[in-house]
Structures are given as C-alpha cells and as structure tokens.
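Notes to accompany the following structure.
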Amino acid sequence: MLIRILIGAASALLLGSCQSGEAPAPRQAARMVAPVLTGADAIDVHSYAKPLEARVTHVALDLNVDFATKRVGGTATLDLQAKPGIDSITLDDKGLQIAGITNADGKPLPYKVGAVDPILGAPLTVQMGDAKRIIIRYTSAPDAGALQWLTPKQTAGKKSPYLLSQGQAIENRSWIPTQDSPGVRQTWEAKIRVPKALTAVMSAPKGAEPVTDGATRVFSYKMDKPVAPYLIAIAVGDLAFRELGPRTGVWTEPAMLDKAAAELADTEKMVVAAEKLFGPYQWGRYDMLVLPPSFPFGGMENPTLTFLTPTFIAGDKSLTSLIAHELAHSWSGNLATNATWADFWLNEGMTTYATTRIVEAVYGPKVAAQQVALGHDAMRAAITENGGPTGPDTRLHLDLKGRSPDDGLTDIAYEKGAAFLRTIEVAVGRERFDAWLKGWFSRHMFEPVTTSIFLADIRQHLIKGDAALETKLALDAWVNDPGIPANLAPADPQAFAEVDAAVTAFKTGTQPTTEAWQRWTTDEKLRFLTRLDKKQPTARLAALDQAFGLAKAGNNEVRFAFLTLAVAARYDPAVPALEQFLLVQGRRKFVRPLITALAADTTWGRPIAKRVYAKARPLYHPVTTRDLDKLDLIASPSAIL
Ligand code: BES
Ligand code: ZN
C-alpha cells in the first residue's frame, strides 16, 4: 500500500493521487488521508458533498448526551481540504439544529441549509473562505434517524436509560454534520459527556481515560485510520466489559454479561482464522457490544466494536456465524469500502463469502457447505422477490438514483455477491483465489472501491490475460446482468441430504421424528422450515409446533422461520407467541416481514398487526418504524414517539 500521510498538496489528494514521496506540510500532524475516487461510478447520489472540490478529512466531536431532551449537542470541528479557488464546502444534514458556524479563530462563517429531501436530508453549505478548519455548534433532533433513546424499561437492567446509534447507510447525518458518503473517508475523535453513572462506548480506540466532572463523566475516543463516516457509532448505558481473548472482549449491560460472554467464546479463534485468510487485522482490538433487543440489525461492523442484537444468543453458539460476518467486514467493508451504495455488494457479498470461509476454518467444511446451500436458497428467493430473472434489482451493481440505499439491502447483494465470488474461487482453485483475495485487501486498504475497480483488479491480478479464464468467469454478466449467470458454482446437493429427504417425506404426510429434530443443527432446522410449502394446513403446523415447540423456540431464527409459516397459514394458536416475539425485540429482519405479511392479510392478519404495532412501535428503532409506518397501521405514528 502507498504510504498515505498528510500532504500539503490538497488538490492532488482530492483527485486521489496521494503519492508517497511528497513532503508533508510543515507543522501539520501526520494523519492518514485517503483519496477520493474520480470515476463516474464513484459519484454518490446519496450525498450532497462535492468532495472533488472540498472535502472533510477529520471530524472532532465534543458532545453532550442529554436523555431528557433526546438530543446530542455540542460542536463538530471539521478539518478540510479544498481545491485552489474553492471557498465553500457542502456537508450532509438531516434535521440538525445549527446554532452557528465559525472558523478556528471563532469568526462566524456564513452558511445555508438547502431544500430538504425526505430520503437524503438537506445540503449544508458553509462559506469557509480559506479556512482549513470549521467549528459547527449544533444539536441533533429528538427524532434523529441514527439514534434510538431507550427508557430504562427497554433495557435488561431496567434502571438506566440507553442511547444507541446506527449509521449505515445514510443515517449519521442526523447527528454528525459531515460529508456522509462512504467514499469520503475521515479520521475522527470524540469527547462525549454523559451522566456519571453511565458509560459511553464508540467505534474507535479509547482516547484519554474518562474524567468525572460533577454529575457527568467525559469519555474520549480517537480513530486515527480514515473510515467511511457511516462507521462512526456510539452507545451509552449501564455497561460492563469482559475480556474474551488477548484482543477481544464484550461490552453489555451487567445482567447480560455472562450469557453474552459464553456465546461469544469462539471470537478470538475467528480473528485468528480471519487473519490467516485475509491478512493482518488492522484495527487493534476486536470488541463487541451486545445491545438491548431494539437494535434494528443482527449486527453492525462498527470498527473495533461490532454492535450485536441480543437475539443471536441461543445458548449453544449456533448463531455465531453472525460474528464471523461482522468480523469479516473488518476487511471487506471497513478496509475496502463500497464507494457508493450502488456497489453495496462489494461490502456485503464479499463479507458473506468471507463469513463462510471463517466458518469453515472454525467449524468445519460440512457447516460451511450447508451455509452455502442456505445462501443459494436465499439468493433464489431474492431473485423472485425482486422481479424474477430479468428484474433490474437482481443486478449486483445497482441504480439507486432517487431511491433509498435501503432498497439495495437484499440477498442479491449478500448471496448473489457471495455466489459470484465462490464461482470464481471454484473456477481458479482455492489457492490462487485466496492469494488474490488477500492481495485485494492489501491493495485497497483504507480505500473506497467500486465494481469497476473490482473488475480491473481481478483482470490484472487473477486473470492476467488468460482469455479462456476470462470467458469462463463471465465477470461482466455477473455484475451487470439480472438473474443468475449460467456458470454459477452449484451448492453441494448432498449438504442437507437427510433434511431434504425429510422435506419430501413431509409432503406425503410424514413428520420428522423427535430424535431427528433434536439432533439437527440450527441450519438443518432452518433448511427444513424454509423449504416447506408456504401455505401449510393449520393442522400440520399444529403437529410440528406440538412436537417441537416451534412458536416459542429458544432459537430466534428457528422461531422466526416457524412464525413466518404460521402467519401464511393463519395459524391462530401461534398468535400469542407471535405477538410476544414482536414485543420483546425489534430486529428489522424479523419484525418487518412478519408485520408486513400480517398487514397484507386484510381480514385475519391486519387487525393483529394494528394491535401489535401500536404496542411495539416504541421499542423499535427509527430505521425500522420508518418502513412499518408506511403500512398505515396506526393513525399518527409520530405522536407516539
Ligand atoms: N452492515 C450490515 C448491516 C446493515 C446493512 C445496516 C445496510 C444498514 C444498512 C451488517 O453487517 C449485516 O449484514 N447484518 C446482518 C447480519 C447477517 C447477514 C449475518 C443482519 O443484521 O441481519
Ligand atoms: Zn454485513
């Protein structure tokens, strides 16, 4: 990798031509500055920033966390680089209340907030003149899309409030005024003031030791590697920490610590396996934060501190491929980052592929082969859900203009992306593919990447002019065409031989034996449930439920798979368990499809959806309620914050 130290020649950096060998500007601290890409496919339609004119290189936050008003507020000090002759910079803003903007000497600078777009928010343009640093005084709005403010009742301990953030894809502009584009990497630091009894954790190494000041405590964090701004994350609550390995550990509420630590016991092994596969881990520590159940995702790869739903805790480590996934993002996503959300598959598809490789190294080839097979089922389902084999949204490289980046959050990115990489691996052989993959991460470390960069890299470093291989791989068809290319490397048809036979037997009336069900792994149970016909007679669901206790299964993925069948079949006896499931956790992957399916069933399901959503909404994160509110289940959702 090039040595990317801070260089005085700002325009060279803006154009992405940061070369080693140029002299650092005098008296400026050496700081890594990652170049911004110039290609047409690197233009981010989800940000107002014009980084080729003026860009943010560093963000320093000094914020107070106020649970009473549900606001974070204080200052954001931004370090800037601008092309000669450019005297204004455009940032992203979603609902921020700005009190004033000055230069480093406190001189007020003119600024303007432009028209608000419901998806993107508004451009915030600051006339900085020749200032290299600006200071923005602001507070976030109580309904900031990135932040969720939990009452003590919504936590495990029931005593303290809790704040959590979720930045991906374009939420961080609701609490950090910066250029919120994954192609504009920034180093950052933060001072966070919270009530004395609480702890603030962030996605960066600890800065200074926390300082108590009257009734408050100030925590410091500092990320000296340039990261995409969606990766800045915070959580504040009654938190405790436990060491898991030399560089791994877990943060969570004290009441959750034993359970969380037991479930995460394999983490250090995973880091060792991942380093062997992808190269040295670049972020220092790998800690995890197990959040309250309203966290909207399974996991989020915030650097140095993966955020996790507590719903992955099954008691038997059977859902820990989630950890392998978030850990893999430490390379695919956090080192080499999609420059825009149109290339989201480069984050998630590569990570899904890498997850299976970590799982194979830690849990063996059979488990990995089964996960590949489940992935192929999910890919095919996503093709069906996205308009079939000719649907434009079944392409890896997406057109998201005028749309939310969330529209790209499908198993096309995850599973078609992973299937593409596995197809290449099988075609060239593992050894050769692995050498390329390690090389890819080291060549693009701390850099934004696009599909065209990916293709060029594969051609230069893997295909190397081999025309027969070029034809065999069908790279362009994979990234540009809808559907599944013909050269897909198939999943092992024997991966689930016993379960698939049980699915066939079920069709003719035979249910799996209790012995079989209890012996099956979680993935085997999921294969069984997801392969059953969607509309089962209620008597058959009742028989399954009675035999295996599925509506109340302790494993949340199994429970979700069964409840999905229950809703499709209008299976009344599962309704109390369904209602409870929707009220105790707010993971979007679980609650959105269930509530959406209920809402679509106007006679049976919709009344249930209305009743449950009215009660559940306060538990859910804004990124979850934003979609569910569109179902018009409750009169004025925002009134019941
Ligand atoms: N980075 C994603 C979560 C995400 C994607 C949040 C896009 C917002 C926008 C994370 O790594 C992820 O993929 N989580 C999955 C985990 C799973 C695939 C193992 C989830 O939350 O379900
Ligand atoms: Zn992911």
Side-chain angles (χ1 to χ4, degrees), residues 156 256 258-260 262-263 290 293 298 309-322 367 370-371 374 377-378 496 498-587 589-595 597-598 601 604-605 608-609 611-612 615-616 619:
M256 295 289 293
D258 288 340
K259 271 202 241 170
E263 205 77 6
V290 176
T309 173
T311 64
F312 86 98
I313 298 177
D316 59 3
K317 299 195 253 174
S318 62
L319 298 177
T320 44
S321 65
L322 169 68
V367 181
Q370 291 187 332
Q371 295 196 354
L374 286 175
D377 279 0
F496 286 111
E498 182 191 350
V499 179
D500 291 349
V503 172
T504 309
F506 190 81
K507 289 196 173 115
T508 53
T510 311
Q511 182 161 302
T513 64
T514 304
E515 182 280 319
W517 186 262
Q518 284 173 352
R519 179 169 42 79
W520 286 354
T521 62
T522 294
D523 287 342
E524 288 166 337
K525 290 173 179 156
L526 292 173
R527 172 76 159 202
F528 179 79
L529 293 171
T530 56
R531 282 231 160 175
L532 295 184
D533 293 334
K534 287 290 147 297
K535 282 235 156 73
Q536 291 291 332
T538 52
R540 303 226 59 196
L541 292 186
L544 280 174
D545 194 16
Q546 273 150 25
F548 312 135
L550 298 181
K552 292 188 183 135
N555 185 300
N556 285 304
E557 296 280 354
V558 172
R559 189 173 182 186
F560 170 69
F562 182 75
L563 291 173
T564 302
L565 291 170
V567 170
R570 299 182 168 183
Y571 175 58
D572 278 309
V575 172
L578 169 67
E579 185 162 342
Q580 197 248 356
F581 186 62
L582 296 171
L583 283 168
V584 297
Q585 54 79 39
R587 186 171 172 185
K589 170 184 148 178
F590 292 152
V591 303
R592 186 166 60 174
L594 288 171
I595 295 179
L598 285 168
D601 179 345
W604 181 82
I608 303 172
R611 187 179 71 234
V612 177
K615 279 194 262 174
L619 174 78

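Worth saying up front: this structure is predicted, and the values here are computed from it rather than measured.
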Polar side-chain atom of Gln370 near backbone of Phe496 as donor-acceptor pair, under 3.5 Å = no
Quick check: does any side chain N or O of Asn555 sit under 3.5 Å from a backbone N or O of Glu557, one acting as donor and the other as acceptor?
-> yes
What's the shortest heavy-atom distance between Ala609 and Leu598, and which atoms?
-> CB-CB, 3.8 Å
Asp316 and Ser318 side chains, donor-acceptor separation under 3.5 Å | yes
Residue set satisfying side-chain contact (heavy atoms from CB on, under 4.5 Å) with Val584, at least two apart, ordered chain then number -> Gln580
So CZ of Arg531 and CG of Leu374: to nearest 0.5 Å the spacing works out to 9.0 Å
Would Gln585 and Val591 satisfy side chain to side chain contact (heavy atoms under 4.5 Å, CB included), going step by step from the backbone distance to the final call?
-> CA-CA 8 Å; Gln585 54 79 39; Val591 303; 3.6 Å; yes
Excluding sequence neighbours, so at least two apart, what forms side-chain contact (heavy atoms from CB on, under 4.5 Å) with Arg519?
-> Glu498, Glu515, Ala516
Contact check, side chains of Val612 and Phe581, non-hydrogen atoms, under 4.5 Å = no
Where Ala502 and Trp520 come nearest, the two heavy atoms and their spacing | CB-CH2, 3.6 Å
Please confirm whether the backbone N or O of Thr521 pairs with a side-chain atom of Glu524, one donor and one acceptor, at under 3.5 Å?
-> yes
Report yes or no: does Arg527 contribute a side-chain atom to a donor-acceptor pair with the main-chain N or O of Val503 at less than 3.5 Å?
-> no
Contact summary for Ala260 and Ile313, nearest pair of heavy atoms = CA-CD1, 4.0 Å
In chain order, what residues pass the salt bridge (Lys or Arg N to Asp or Glu O under 4.0 Å) check against Asp572, with sequence neighbours excluded?
-> none
Checking Arg540 side chain against Phe506 main chain: does a donor-acceptor pair fall under 3.5 Å?
-> yes
Measure the shortest side-chain to side-chain distance between Val567 and Leu594 over non-hydrogen atoms and say whether it is less than 4.5 angstrom.
-> yes
Provide the closest heavy-atom pair for Phe548 versus Pro512 in the form atom of the first, atom of the second, distance.
-> CZ-O, 3.3 Å
Heavy-atom pair of closest approach, residues Ala568 and Lys535 = O-CE, 3.1 Å
Could you go through the side chain to side chain contact (heavy atoms under 4.5 Å, CB included) check for Val290 and Phe312 one step at a time?
-> CA-CA 9 Å; Val290 176; Phe312 86 98; 4.2 Å; yes
OG1/Thr309 to CG/Leu322 distance, rounded to the nearest 0.5 angstrom?
-> 8.0 Å
Pairs satisfying side chain to side chain donor-acceptor pair (under 3.5 Å), at least one member in residues 503-514, at least two apart = none
Minimum-distance pair of heavy atoms, taken over all atoms of Ala574 and Ala566 | CB-CB, 3.8 Å
So which pairs with a foot in residues 549-577 pass ring-ring contact (aromatic ring centres under 6.0 Å, His included), sequence neighbours left out?
-> Phe560-Phe590
Establish, from distance only, whether the side-chain atoms of Arg587 and Thr311 form a donor-acceptor pair under 3.5 Å.
-> yes
Mind running side chain to side chain contact (heavy atoms under 4.5 Å, CB included) on Leu583 and Leu619 for me, showing each step along the way?
-> CA-CA 7 Å; Leu583 283 168; Leu619 174 78; 5.6 Å; no
Under the side-chain contact (heavy atoms from CB on, under 4.5 Å) test, which residues partner Leu565, sequence neighbours left out?
-> Leu529, Leu532, Leu541
Point-to-point distance, once rounded to the nearest 0.5 Å, from CZ of Arg611 to NZ of Lys615 = 6.5 Å
Distance from Leu319 atom CG to Asp523 atom CG, nearest 0.5 Å?
-> 8.5 Å
